[in-house]
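Inspection log for the structure reproduced underneath, given as C-alpha cells.
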Amino acid sequence: MGRLGDGWGDAWGEEDGGDDGEWSWWKRSGDEENQFDFSENFFQKFPGNFPWMFPLSSRLHETFFRYNRVEGVYIGLAQVKRLYWHSKPWLVSTGSLGYGFANHTWRYSLGLYLPFYFENQILEIGGEGHSFTDSKDEWRFDRDENTWTSIIAREDFLDYFERRGYTVSASWYLRGDEGMNLRASLGYVHDTYRGMNRATNWSVFGGDKTFRVNPLINDGNLNSFVVSGGIHTLPSLTDRSRGWDAQLLFEKAGGTAKGDFEFSQLTVDIRRYQPLNEHLSLNVRARAGMSDGIVPVQRQFELGGPGTLPGYRFKEFSGSHMALFNSEFIIRSSIAGNARGWAKNVLRNTNIILFFDAGATNDIAPIVTRDVRNGSYDASFSSDMSFDTWKSDAGIALGSANGDFRIGAAWRLDRGESPNFIIRFSRPF
C-alpha cells in the first residue's frame, strides 16, 4: 500500500512541514509493524493532481529553464498552482516571471484563489492575469524533453503563439475512496493571440539543418467559456502503472463572450494503464476532438509524429475533427528474473515495448481570405464527423524499466516505407 503515496509531492501538492500531526499518520496495532493510516490522514494531506487541458493554463510558464526556436534560452521563476488539503489556507496565490533571451520578451502571470474546504472536497474560485508563450502541443510532447531535443538535435516538436489576457474560474475537487480523484471547473477566458517567429537556429548538433518555421495562427481576441472535468485513479501522475485517467474539455467561444472568433469545441482523452500479470502490461489511450463554427488555426487538430502517429511525418494530417487510438504492450524488465544466459543480462534493465496506433482527421479545406479567418476551418459537429481514411502504424522499442526512455522504430501501414527512428525521453502517454 505504501506505493500509493509515491509522487504526490508533485506540482499542486503541499510540501511536508510543521508539526500538525505529521507523526500521527503511523499507528501500532498490538505487536504488528507500524502501518500507514490511509483512512484518516492520506486523502486529507495529499492533493488531487490533474493534467489541466488547454486553454485554462499552460505548463510552459512553470519552467525555470527551457530552450526553443521562438524564445531561445528562457529563464524564469514560478509559484505553481497547488491545493492545500492539510493546512487549509484561506487564500492561495500563484505567479511566474521569466525572460526569453532570443525574442527579448518578458513573460509573467499573477493569480489569486479563494478555497472553501469540506470533508475530502475543495471548492475554489479565483483568477489570474497572464502573458504566456503557449502551445497546443503539450499533450503530445513533453516540455522538458522538447528543450533537450532542441538543444542537442535542433528538433523542436512544439508550435507556439503568444497568449495575453486573464482567466476567471470556479473549480471543485474531490478526494475519493480507493484513489479516485475528481475535478470539475467552469471558467471564462479572455485572451489576445499573436503569432511568434523563429528567433534562433542554434543547437549543439544538427549540421546544416534549420529549425522549422513556427506556423502562422489567427491573431485576434479569443473570448470563451470553458467547462472541464477529470477523473483519475492513478497511484500518481509519475507512477502510471495502473488505473484510469480521463479528461474532458468543452469550449464555447464568441456569442455572449464576444471576441473575434465564434466556435465550439469538445476534446476527450481517456487512458487506461492495465497490468496483465507480474511481467506484462497493456496501456491504451483514446482521444477525440470535434468542432463547430469557424475554427482558428490555434484550435485545429493535427496528427502525425511523436506522441500521436510516430510512423508518419510530423503533423501530416489536420482538421477540425480528430480521432486517435494508441496502445502499447510492455514486457517488463522483471521477466529477466526467470531468464538464463545472455537474455537475462539484456532484459534485466530493459522493457520490450510493442505498440500500435491508429488515427484520423476529417479532410476539409481551410478558408482562404485576407481577414482574421484566413486558414481557419468552417466546421460542423454533425456534417464533418465522418473519417474517410484511417491511418495506422506499428513498431517496437526498448525502454528503461521506469518507462522514461525508449528507443525503437515505427512503420506506417498504409504503404511500404522505411521506418521512422524513435528516441523518447518521456512516455508518449
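All figures in this text were calculated on a predicted structure; none of them were measured in a lab.
Under 4.0 Å is where a charged nitrogen must lie from a carboxylate oxygen, and between Arg415 and Glu417 at least one such pair does. Ion pairing between a basic and an acidic side chain is recognised when a charged N comes within 4.0 Å of a carboxylate O; Asp393 and Lys391 show no such pairing. Ion pairing between Glu155 and Arg212 fails under the 4.0 Å rule for side-chain N and carboxylate O.
With no hydrogens or angles considered, no side-chain donor-acceptor pair links Ser171 and Glu124 at under 3.5 Å. Defined by atom type and a distance below 3.5 Å, a donor-acceptor pair is missing between the side-chain atoms of Asp156 and Asn68. With no hydrogens or angles considered, no side-chain donor-acceptor pair links Tyr273 and Arg242 at under 3.5 Å. Residues Asn283 and Glu328 bring a donor and an acceptor atom of their side chains to less than 3.5 Å of each other.
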#### Entry: Candidate pair Arg107 and Glu162, rule side chain to side chain contact (heavy atoms under 4.5 Å, CB included), full reasoning
CA-CA 10 Å; Arg107 295 300 184 204; Glu162 177 184 272; 3.1 Å; yes
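For residues 276-298, no pair satisfies ring-ring contact (aromatic ring centres under 6.0 Å, His included), with sequence neighbours left out.
In terms of the ring-ring contact (aromatic ring centres under 6.0 Å, His included) criterion, Phe329 has no residue partners (sequence neighbours excluded). In this structure Ser96 satisfies the side-chain contact (heavy atoms from CB on, under 4.5 Å) test together with His61, Ala78, Ser109, sequence neighbours excluded. Remark: Asp219 pairs with no residue by the salt bridge (Lys or Arg N to Asp or Glu O under 4.0 Å) rule, at least two apart or across chains. A search for side-chain contact (heavy atoms from CB on, under 4.5 Å) contacts involving Thr361 returns Leu303, Phe317, Met322, not counting sequence neighbours. Qualifying ring-ring contact (aromatic ring centres under 6.0 Å, His included) partners for Tyr108, counting only residues two or more places apart in sequence or in other chains: none. Applying the salt bridge (Lys or Arg N to Asp or Glu O under 4.0 Å) test to Arg313 and every residue at least two apart in sequence or in another chain returns Glu316. Residues satisfying the side-chain hydrogen bond (donor to acceptor under 3.5 Å, both in side chains) criterion with Tyr193, sequence neighbours excluded, are Arg299. Partners of Ser392 under the side-chain hydrogen bond (donor to acceptor under 3.5 Å, both in side chains) rule, at least two apart in sequence or in another chain, do not exist in this structure. Partners of Thr167 under the side-chain hydrogen bond (donor to acceptor under 3.5 Å, both in side chains) rule, at least two apart in sequence or in another chain, do not exist in this structure. Legend: residues meeting side-chain contact (heavy atoms from CB on, under 4.5 Å) with Val213, ordered by chain and number and at least two apart, are Arg198. Every residue two or more places apart in sequence or in another chain that forms a side-chain contact (heavy atoms from CB on, under 4.5 Å) with Ile422 is listed here: Pro310, Phe355, Ala410, Arg424.
Taking the ring centroids of Phe157 and Phe314, they lie under the 6.0 Å cut-off. Between Trp85 and Tyr173, the gap from one ring centroid to the other reaches at least 6.0 Å. Phe263 and Phe261 have their aromatic ring centers separated by at least 6.0 angstrom.
For Arg154 (side chain) and Gly207 (main-chain N/O), a donor-acceptor pair under 3.5 Å exists by modelled atom type.
To the nearest 0.5 Å, atoms CZ (Arg163) and CG (Leu222) are separated by 9.5 Å.
Each of Pro296, Ser291, Ser320 was compared with Tyr377 under the side chain to side chain contact (heavy atoms under 4.5 Å, CB included) criterion, and only Ser320 meets it.
In this structure, Arg69 fails the cation-pi test against Trp202, since its NZ or CZ atom is not both closer than 6.0 Å to the six-membered ring centre and inside 45 degrees of the ring normal.
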